[in-house]
Amino acid sequence: MKLAIKHLKDQLRIYRRKPLSLVLFLLLNLAMLLTIASLIFVIGYIFVNGVSHLTPELVFGKYSSDNPSMSFAIVTTVILVIVALLLAAPLSIFCAIYLTEYAKRGNKIVKVIRLATETLAGIPSIVYGLFGSIFFGTVLGWGYSILTGACTVAIMVLPVIIRSTEESILSVPDSYREGSYGLGASKLRTVFKIVLPSAMPGILSAVILSVGRIVGETAALIFTLGSVAKMPGSLLDSSRTLAVHMYISTRDGGMAGRNTAFATGVILVSIVLVINLLASYLAKKVSGGKTDGE
Amino acid sequence: MRKKAILEKGSKLFFFLCALFSIGAVLFICYFIFANAIPAIRQVGLWEFLSGASWQPNNVPQEFGIFNMIVGSVYVTAGAIVIGVPIGLLGAIYLAKFCPKRIYPVLKQAVSLLAGIPSIIYGFFGMMVIVPFILENFEGNGNSVLAASIVLGIMILPTIISISETSLRAVPKSYEEGALALGATREESAFKVILPAAKSGVVTSIVLGIGRAIGETMAVVMVAGNSNILPSSIFKSVRTLTANIVLEMSYASGLHYDALIATGAVLFVFILLLNMALGLLTSKKRA
């Protein structure tokens, strides 16, 4: 305690001599405060105003013009996420395996693959939406449907999963691999029995983060999944995810729509909160595992 | 034994093919966007398309000029940079050098949460809070360049903060120690020694922030007003390239539809140019 006070006194003396440094220090704190405040403000605003609209019939009830409920949107969101992940997760995990375990260093084609992944990461979601509507919707003839939407967002989350999977595979110590080879295991066996299980928390965290991205996506889905307000009967039906439902309700629904939007917002933000906490918990587990291994 | 070798070879090939998928996806996206955009642009005329101020899909003859929207996109992106970069950069310096260890994980979590909040939430928040605030305190009806800039400024914060922080942390400790030994304060060392040394990472974060801001759609549509005019002040309504697509796509057909794809193509070219700039930047750093 005494030390802390002495430290504070020293710091104050420095600041008295160099007031500019004090100004800078205050600015740094102010910037971080603003960042955190805007986060709390956004989340707090949605929660404070939204929770009262979160009635059972609005969440679970059947959709009608009197009750713009979100039950069908919840179902659609879940189906869309599952289909998109079934497509994207294996593909991007295999891609990451190739990049980390098989490709030789400085390989030209690897550089091109990296460039392509980075490009995919930078493409705005509205451009994905246009592409999905042209290719999956029109060229392949799937129209506005869950399948069209799922394929579109699957491409969108590829770079997210590839990059994090690569990182967590790289963090698996080489001694694990050497041990496996030493026991006579083949490369394929080593990858699936040793490397992937050790990297699993990191991969899971990447997949979970991409769930967050899909759940929050709107621009890429409006023209691929469409915005029909009904429970989907098959993968070729159009429907709305929660985020699309929130947008359409805000745009067309007047006052009642606004209340729906608030309630949907509470659900969306809650999902994102849980997903982020879960993902960072898993990511922490990876770095913890790494130090264990060494 | 032979069967095993085939399995090994085969799986390697399989992984390779999966890895090629992202290249294929980029090529497919480029092809289908431009194959639809180029005929439309040719029909309208490249110069008329880019420099025309009039967008009248319902007139006879139709007019498709996106000049106002290009300027609109540039305005709101510039606004987002003006708001987001100083706050984000200062925040990054705070996290990298001044943050007490005990609260660091909390702040880090908060920043990644800020990145995870969906754009529709930001848009809704902007519509309900920021737009009415501007309406009450300034001129105009609230839907404005300023509202869009504030929303986008908040949205690019996590990009700026996390990438800048990483590069600030990568600066060797000896730089800071040297500065402190010469009698600099912690703040002087952070701003005059560490920040310049981390310049390339900081610029990267800004370029990525620009990419995120210029491509953002839903949040902007909900707060920008979307009139096709050249805004004369930051309190005036503005329509961005992304907003143009999302507003009209649902009922467009024929040349109108293709002109909207072409709007997307222009946006796509912007993003590709940014990516190239980024590539040059990082390759320079490595050299």
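Here the structure is a predicted model, which means the values were calculated and not measured.
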Under a 4.5 Å cut-off applied to non-hydrogen side-chain atoms, are B:K97 and B:L168 in contact?
no
When heavy-atom pairs shorter than 4.5 Å are enumerated against chain B, which of A:G216, A:G132, A:G226 gives the highest number?
A:G216
For the interface with chain B, which of A:I46, A:V272, A:I126, A:L268 has the highest count of heavy-atom pairs at distances below 4.5 Å?
A:I126
Under 4.5 Å from any heavy atom of chain B - which part of A:Y45:
side chain
Quick one: sort the B:F34 and B:F268 rings into parallel, tilted or perpendicular, breaks at 30° and 60°.
parallel
Do A:E217 and A:T241 have side-chain atoms, one donor and one acceptor, less than 3.5 Å apart?
no
A:F41 portion near chain B, given a 4.5 angstrom heavy-atom threshold
both
What part of A:R17 gets closer than 4.5 Å to chain B, counting heavy atoms only: side chain, backbone, both or neither?
neither
Here the pair of heavy atoms bringing B:A19 nearest to A:Y98 is CB-CD2, 3.8 Å
Does the separation of the ring centres of B:F28 and B:F32 fall below 6.0 angstrom?
yes
For the residue pair B:K9 and B:F14, would you count it as a cation-pi contact if the rule is NZ or CZ under 6.0 angstrom from the ring centre and within 45 degrees of the ring axis?
no
Would you please say whether a donor-acceptor pair under 3.5 Å links the side chains of A:S21 and B:T185?
yes
Using a 4.5 angstrom heavy-atom cutoff, name the option from A:S38, A:A31, A:S227 with the most pairs to chain B.
A:A31
Top contributor to chain A interface from B:A25, B:S11, B:G211 [non-hydrogen pairs under 4.5 Å]
B:S11
If you count heavy-atom pairs under 4.5 Å with chain A, which of B:I87, B:I120, B:V26 comes out on top?
B:I120
Please rank B:N275, B:I29, B:L208, B:L20 by heavy-atom pairs under 4.5 Å with chain A and give me the top one.
B:I29
What part of B:S112 lies closer than 4.5 angstrom to a heavy atom of chain A: side chain, backbone, both or neither?
both
Side chains of A:I43 and A:L39: does their closest heavy-atom pair fall under 4.5 Å?
yes
Give the member of A:I93, A:L277, A:V110 that has the highest number of heavy-atom pairs under 4.5 Å with chain B.
A:L277
Report the option among B:I93, B:I121, B:I261 that has the most heavy-atom pairs separated by less than 4.5 Å from atoms of chain A.
B:I121
B:E8 side-chain N/O to A:L188 backbone N/O, donor-acceptor pair under 3.5 Å
yes
Which bit of A:F223 comes within less than 4.5 Å of chain B, counting heavy atoms only: side chain, backbone, both or neither?
side chain
At a 4.5 Å cut-off on heavy atoms, which part of A:I275 comes close to chain B: side chain, backbone, both, or neither?
neither
Toward chain A, the part of B:M128 with a non-hydrogen atom under 4.5 Å:
both
Let me know if B:L27 has heavy atoms under 4.5 Å from chain A in its side chain, its backbone, both or neither.
neither
Under 4.5 Å, counting heavy-atom pairs only, tell me which of A:L115, A:N29, A:T117, A:I155 racks up the most with chain B.
A:N29
Which region of B:L267, side chain (C-beta onward) or backbone (N, CA, C, O), has a non-hydrogen atom less than 4.5 Å from a non-hydrogen atom of chain A, or is it both or neither?
side chain
Side chain, backbone, both or neither of B:L157 within contact of chain A (heavy atoms, under 4.5 Å)
side chain
Is it the backbone or the side chain of B:I214 that comes under 4.5 Å from a heavy atom of chain A, or both, or neither?
neither
Honestly, the part of B:F16 sitting under 4.5 Å from a heavy atom of chain A is both
Do A:I222 and B:M218 make a side-chain contact, defined as non-hydrogen atoms from C-beta onward lying under 4.5 Å apart?
yes
Tell me if a side-chain donor or acceptor on B:R239 pairs with a main-chain N or O of B:G225 at a distance below 3.5 Å.
no
Salt bridge or not between A:E166 and A:R114? Use side-chain N to carboxylate O under 4.0 Å.
yes
Chain A contact via B:I154 - side chain, backbone, both or neither, heavy atoms under 4.5 Å
side chain
Value rounded to 0.5 Å, distance of OG in A:S133 from OH in A:Y128:
15.5 Å
Under a 4.5 Å heavy-atom cut-off, does chain A meet the side chain of B:V106, its backbone, both or neither?
neither
Answer key: most heavy-atom pairs under 4.5 Å with chain A among B:G215, B:C18, B:G91 is B:C18
Below 4.0 angstrom, N of the basic side chain to O of the carboxylate: do A:K18 and B:E187 qualify?
no
Got A:P159 and A:E118 here, is their nearest side-chain heavy-atom distance under 4.5 Å?
no
So what's closer than 4.5 Å to chain B heavy atoms on A:V139: side chain, backbone, both or neither?
side chain
Portion of B:I23 that has a non-hydrogen atom of chain A nearer than 4.5 angstrom:
both
Would you say the side chains of A:S280 and B:Q109 form a donor-acceptor pair under 3.5 Å?
yes
Would you call the rings of A:F262 and B:F124 parallel, tilted or perpendicular, where under 30° means parallel and over 60° means perpendicular?
perpendicular
Where on B:R186 is there a heavy atom nearer than 4.5 Å to chain A: the side chain, the backbone, both, or neither?
side chain
Who wins among A:L209, A:T264, A:I123, A:V191 for the most heavy-atom pairs under 4.5 Å with chain B?
A:I123
Heavy-atom proximity to chain A below 4.5 Å, by part of B:Y31:
neither
